[in-house]
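Each remark here refers to the structure printed beneath this line.
A note on names: the letters A, B, ... follow the listed sequences, proteins ahead of strands, and every chain is numbered from 1.
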Protein chains: 2
Amino acid sequence: MPSDLAEYPRPSVAVDVAVLTVTDRGLAVVTVDSRWGDALPGTFLHPGETLADAAGRALRTKAGIEGLAFHQLRMFDAPDRDDRGWVLSMAHSTEVAASALPPQGRTVDVEHGRPTVPMAFDHADMVAAAVADLRTRYTDAPDPSGLLGARFTLLRLRRLYEVVFDRTLPKDTFRRHALGAIYGTGELTAVDGGRPAELYERRPGASFPRTMAALLGG
Amino acid sequence: MPSDLAEYPRPSVAVDVAVLTVTDRGLAVVTVDSRWGDALPGTFLHPGETLADAAGRALRTKAGIEGLAFHQLRMFDAPDRDDRGWVLSMAHSTEVAASALPPQGRTVDVEHGRPTVPMAFDHADMVAAAVADLRTRYTDAPDPSGLLGARFTLLRLRRLYEVVFDRTLPKDTFRRHALGAIYGTGELTAVDGGRPAELYERRPGASFPRTMAALLGG
DNA sequence: CTAATAGTGTCTCTGAGACACTATTTG
DNA sequence: CAAATAGTGTCTCAGAGACACTATTAG
């Protein structure tokens, strides 16, 4: 615990937010254009502001995204990470359905946990941390961030998990594991070449059985 | 991503470290005396220093602890958390065997995930975060931080897990789950009123089977 | 009818957890 | 011997995963 408010030079403190989404090509991350190339939306911390406030402001003003919940990943603090000076940056992440993003926004594909193009500063490492964090949270509960929106078929849920965990999953076993944490609405999808599928919703507060981790992980 | 090195007033950035240990009474956390009562060892970030460097320096100078590995928990950033001004603090945590601590050091007991006495600033919340993090990491591998030292009996390992997860564990099932991640040395303990127990060591890089999570969690 | 996709009945076999037994020490 | 603790053989039963079947649509 610091014993005196020291008079040392202080670092600038910034925030950056990795917003992951799923396109027809797989995982992707929202980026903005910058002098350093593709970058995560970010900003400097304003006086009296919390990191969460700053991150929300960055999403709103840089990426046109409003009302998303996100969380801290970790602080990126290499002294030379920003050539403009001493800048610490707290990386945040979240996920959102592609349909909820502003239509003209730019995204960069993510493969094997990393962005497919070079990114500004250490933002590629932030994306990698966001994907690792995504996997951890998606192991515990069905699409907790709502990448699929409120209602989805079991096929869409399974395809999402196959993209996130980069492996194929058996349809019947996956289904039986998932059914404890979601419930059928009785409503059916419009068909496309086969029996219509039921639409499911997340059971509030529900989580997967512990055994789902084994299915997903190995 | 910040587009200009802004000329806003900057916060002070501090680090605090929760060092958890196990005493005969259970979980405890290393504290130092301060103007605000019991506090975690902490310090302000020096120019050009990384957070990890600062945290190591705090442990060394405030608590007399050297050479410990630790990791970030999260940034505590409430604007009014420190009455001296705008101070962000990155909480870190680690665990260490009580025998490896300086003998005259002070510790505070932890019960149900919280310190049993009031602490400075939001340090009690940091301790709670450290305990939650401890549980997550101890679910994956046998005593990864070496709270028990290099060699231990299965009884000591099980007692540790009973303290950390606050529940009793069946000796035979726990044993069979653990044996994949540790190996017997052939050496035996000195006895105290019964058959001597074998001493075990961690298998490097080993982790518990996924099913250990079910045993520990519920 | 066939093709395509959704959903389920059922079998097998692993292995978790429980119980009770054996093993090795002290006194 | 009894008491105490360490370690294990074994039984049962849940349930994971696999397979193949049925169900419901389009054409």
Side-chain angles (χ1 to χ4, degrees), chain A residues 24 139-140 142-143 148 151-163 165 167-203 206-218, chain B residues 24 139-140 142-143 148 151-163 165 167-203 206-218:
Chain A
D24 37 357
T139 299
D140 294 331
D143 186 23
L148 298 179
R151 329 184 112 198
F152 45 84
T153 64
L154 270 162
L155 178 62
R156 294 242 300 148
L157 186 66
R158 182 160 51 91
R159 292 265 184 272
L160 171 63
Y161 273 78
E162 290 181 336
V163 165
F165 289 89
R167 61 196 312 264
T168 62
L169 296 167
K171 93 169 174 172
D172 46 5
T173 303
F174 180 82
R175 175 194 188 79
R176 283 181 239 245
H177 283 233
L179 276 180
I182 61 180
Y183 64 92
T185 60
E187 230 175 308
L188 299 181
T189 46
V191 198
D192 95 317
R195 174 172 168 178
E198 188 166 8
L199 286 167
Y200 291 83
E201 294 183 1
R202 280 171 279 278
R203 202 182 292 280
S207 55
F208 288 139
R210 301 265 179 201
T211 47
M212 181 63 106
L215 223 213
L216 298 175
Chain B
D24 37 0
T139 298
D140 293 333
D143 186 25
L148 298 178
R151 329 184 112 196
F152 45 84
T153 65
L154 271 163
L155 178 61
R156 294 242 299 149
L157 185 67
R158 181 159 52 92
R159 292 263 184 273
L160 170 63
Y161 273 78
E162 290 181 336
V163 166
F165 290 88
R167 62 197 312 263
T168 61
L169 296 167
K171 94 169 173 173
D172 46 6
T173 302
F174 180 82
R175 175 195 190 76
R176 282 183 240 244
H177 282 229
L179 276 181
I182 60 180
Y183 65 91
T185 60
E187 230 175 306
L188 300 180
T189 45
V191 198
D192 96 314
R195 173 172 166 179
E198 189 166 7
L199 286 167
Y200 292 83
E201 293 183 3
R202 279 171 280 277
R203 202 183 293 279
S207 56
F208 287 139
R210 302 266 179 198
T211 48
M212 181 62 106
L215 223 213
L216 299 173

Rounded to the nearest Å, what distance is computed from the [atom1] atom of residue [X] to the [atom2] atom of nucleotide [N]?
| X | N | atom1 | atom2 | value |
| --- | --- | --- | --- | --- |
| A/Arg156 | C/dA6 | CZ | P | 12 Å |
| A/Leu169 | D/dG17 | CG | P | 10 Å |
| B/Phe208 | C/dA16 | CZ | C1' | 16 Å |
| B/Lys171 | D/dA6 | NZ | P | 7 Å |
| A/Leu157 | C/dA6 | CG | C1' | 15 Å |
| B/Arg195 | C/dT26 | CZ | P | 13 Å |
| B/Leu215 | C/dG15 | CG | P | 15 Å |
| A/Arg158 | C/dT5 | CZ | C1' | 11 Å |

Shortest non-hydrogen contact from A/Pro209 toward A/His177: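 Looks like CD-O, 3.4 Å.
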Over all atoms of both residues, closest heavy-atom pair of A/Glu198 and A/Leu188: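 Answer, listing the atom of A/Glu198 first, then A/Leu188: CA-CD2, 3.7 Å.
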B/His177 side chain near C/dG17 phosphate (N/O to OP1/OP2, under 4.0 Å):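 It does, given that an N or O in the side chain of B/His177 lies less than 4.0 Å from OP1 or OP2 of C/dG17.
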Presence of B/Arg175 side-chain N/O under 4.0 Å of D/dG7 phosphate oxygens OP1/OP2: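 Yes, B/Arg175 has a side-chain N/O under 4.0 Å of OP1/OP2 on D/dG7.
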Any N/O donor-acceptor pair, B/Arg176 side-chain to D/dG9 base, under 3.5 Å: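 Flag set: donor-acceptor pair detected.
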Side-chain donor/acceptor of A/Arg175 to backbone N/O of A/Leu154, under 3.5 Å: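 The answer is no, because no donor-acceptor pair under 3.5 Å joins these two groups.
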Given DNA chain C, 5'-ward residue of the pair B/Thr211 and B/Pro196, judged by closest heavy atom: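 So the residue in question is B/Thr211.
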Heavy-atom check, side chain of B/Leu160 versus side chain of B/Phe152, under 4.5 Å: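 Side chain of B/Leu160 against side chain of B/Phe152, heavy atoms only: no contact under 4.5 Å found.
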Aromatic plane relationship, B/Tyr161 with B/Phe174 - under 30° parallel, 30 to 60° tilted, over 60° perpendicular: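 Because their plane-to-plane angle lies in the 30° to 60° range, the rings of B/Phe174 and B/Tyr161 count as tilted.
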Minimum-distance nucleotide to B/Asp172 side chain [options: C/dA18, D/dC19, C/dG7]: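 My answer, after comparing the listed nucleotides, is C/dA18.
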Along DNA chain D (nearest heavy atom to each residue), the more 5'-positioned of A/Thr173 and B/Tyr200: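 That would be B/Tyr200.
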